[in-house]
Amino acid sequence: MSKLVISNLSKIYNDGSYQTTVLNGLTFTASKSSLTAITGKSGSGKTTLLNLISGIDKPTGGEIIFNDKVINNSDSLTQFADFGFVFQFHYLISTLTIEENILIAAEIKNLPTKQARLRLHDFAAQLGINDKLKQYPFQLSGGERQRAAVIRAIINEPSLVLMDEPTGNLDQDNSIKLQELLMDLMHQQESVFIVATHDMAFAGRADQVIAL
Ligand SMILES: Nc1ncnc2c1ncn2[C@@H]1O[C@H](COP(=O)(O)OP(=O)(O)O)[C@@H](O)[C@H]1O
Ligand SMILES: [Mg+2]
């Protein structure tokens with residue numbers, strides 16, 4: 001059963017002249033089919049925490065344990081590929097259409113194309129970007145790109161989904177549609193969902209709130 005354990009995690013950025021302590025002894029557990037909201041003002045360490053969990057960055061101390069395996073002292077990104085990440089900035093590939101950007105993630109995981117397309121069209125319709133799939137990222141608004149990045153992250157049903165301010169560029173209506181989709185997935189899939197968000201209404205729907 002999927003479970004993420006964050007144990008006594010700390011992160012100190014050291015740029016030579018001075019040190020910034022961002023996380024200091026953070027501990028929490030997130031179980032499958034549950035949503036954990038990471039809240040806190042700008043600069044409180046939300047993105048840092050997601051970068052540590054995904055293996056993009058290394059903690060100064062403590063442990064990150066997923067399904068009973070310590071993942072922070074190996075190259076988690078390569079050893080543990082079963083997660084989806086929505087970055088604060090979308091990182092869609094500019095030379096691919098929205099559909100190609102999303103399906104490339106499915107190909108990496110060898111998800112059958114037919115099944116991936118069905119999921120893609122279903123999610124795109126729910127999030128209101130089904131008429132944008134043949135377009136390129138530059139032709140979309142910030143909010144549309146953000147929704148495309150969310151679909152790319154969840155297309156493979158990863159067991160760990162990390163999202164950094166996924167509703168940051170969305171109006172309230174689209175924010176609620178995205179929240180509804182995530183809530184549906186959370187009940188259908190046995191995944192752990194971790195979402196950094198400023199949006200207190202969104203955080204209020206989470207199973208637990210970690211305030212940094
Ligand atoms: N690579 C880095 N080097 C030094 N300080 C950093 C680095 N990345 C982030 N920080 C600092 O860590 C703190 C937390 O940043 P961040 O995790 O981006 O916060 P949030 O996502 O909550 O806005 C900030 O004070 C930021 O300046
Ligand atoms: Mg951030």
Side-chain angles (χ1 to χ4, degrees), residues 4-30 34-66 71-78 80 83-93 127 137 140-154 158 160-172 174-176 178-179 181-182 191-212:
L4 175 72
V5 178
I6 302 296
S7 175
N8 206 21
L9 196 68
S10 65
K11 178 66 183 178
I12 301 169
Y13 287 110
N14 194 340
D15 73 353
S17 49
Y18 63 77
Q19 298 187 334
T20 315
T21 300
V22 180
L23 302 173
N24 189 7
L26 182 69
T27 296
F28 69 89
T29 297
S34 79
L35 174 67
T36 297
I38 311 294
T39 63
K41 62 183 189 323
S42 184
S44 60
K46 302 181 294 298
T47 297
T48 298
L49 174 60
L50 295 181
N51 286 345
L52 296 179
I53 296 171
S54 65
I56 290 171
D57 202 356
K58 299 267 175 241
T60 309
E63 282 183 329
I64 301 164
I65 301 156
F66 191 69
I71 60 170
N72 61 284
N73 55 16
S74 54
D75 279 315
S76 359
L77 265 181
T78 48
F80 167 72
F83 71 86
F85 201 147
V86 181
F87 296 91
Q88 211 162 354
F89 181 71
H90 61 81
Y91 293 117
L92 294 166
I93 300 166
L127 298 183
L140 275 63
S141 74
E144 289 164 347
R145 287 195 286 256
Q146 201 169 31
R147 282 172 272 166
V150 166
I151 297 174
R152 181 181 54 180
I154 60 182
L160 177 58
V161 179
L162 306 170
M163 300 194 172
D164 201 352
E165 314 263 8
T167 61
N169 285 318
L170 304 185
D171 55 59
Q172 197 185 353
N174 280 309
S175 171
I176 287 172
L178 177 57
Q179 292 172 34
L181 173 60
L182 294 180
S191 313
V192 175
F193 288 82
I194 311 282
V195 176
T197 184
H198 269 103
D199 180 342
M200 284 302 143
F202 190 2
R205 305 179 74 166
D207 299 286
Q208 68 175 337
V209 177
I210 307 298
L212 297 182

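Counting convention: from 1, in listed order, for ligands and their atoms alike.
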Considering the heavy atoms of [X], write down every atom of ligand 1 situated less than 4.0 Å from one of them.
| X | value |
| --- | --- |
| K41 | 22 (O) |
| V22 | 12 (O), 13 (C), 14 (C) |
| S42 | 23 (O) |

Search all heavy atoms of [X] against all heavy atoms of [Y] and return the closest pair with its distance.
| X | Y | answer |
| --- | --- | --- |
| D199 | S175 | OD2-OG, 3.6 Å |
| S54 | L162 | CB-CD1, 3.8 Å |
| A153 | P158 | O-CG, 3.3 Å |
| L92 | A148 | CD1-CB, 4.1 Å |
| A30 | I194 | CB-CD1, 3.9 Å |
| A196 | D164 | CB-OD1, 3.6 Å |

| query | Checking K11 side chain against G61 main chain: does a donor-acceptor pair fall under 3.5 Å? | reply | no
Protein contact to [atom] [nearest heavy atom, distance to 0.1 Å]:
| atom | value |
| --- | --- |
| atom 18 (O) of ligand 1 | T47 CB, 3.7 Å |
| atom 19 (O) of ligand 1 | G45 N, 3.2 Å |
| atom 1 (N) of ligand 1 | Y13 CE2, 3.6 Å |

| request: Verify the contact flag for atom 16 (P) of ligand 1, where contact means a protein heavy atom under 4.0 Å away. | output: yes
| Does some non-hydrogen atom of the protein lie less than 4.0 angstrom from atom 26 (C) of ligand 1? | no
| query | Would you say G43 has any N or O atom under 3.5 Å from an N or O of ligand 1, going by distance alone? | reply | yes
| query | Does T48 reach ligand 1 with a nitrogen or oxygen that is under 3.5 Å from one of the ligand's nitrogen or oxygen atoms? | reply | yes
| task | Examine all N, O or S atoms of T48, backbone included, and report whether one is under 2.8 Å from the Mg ion (ligand 2). | result | no
| query | Under 4.0 angstrom from ligand 1, any heavy atom of G40? | reply | no
| field | F87 and F85 aromatic ring geometry - parallel, tilted or perpendicular at 30°/60° bounds | value | parallel
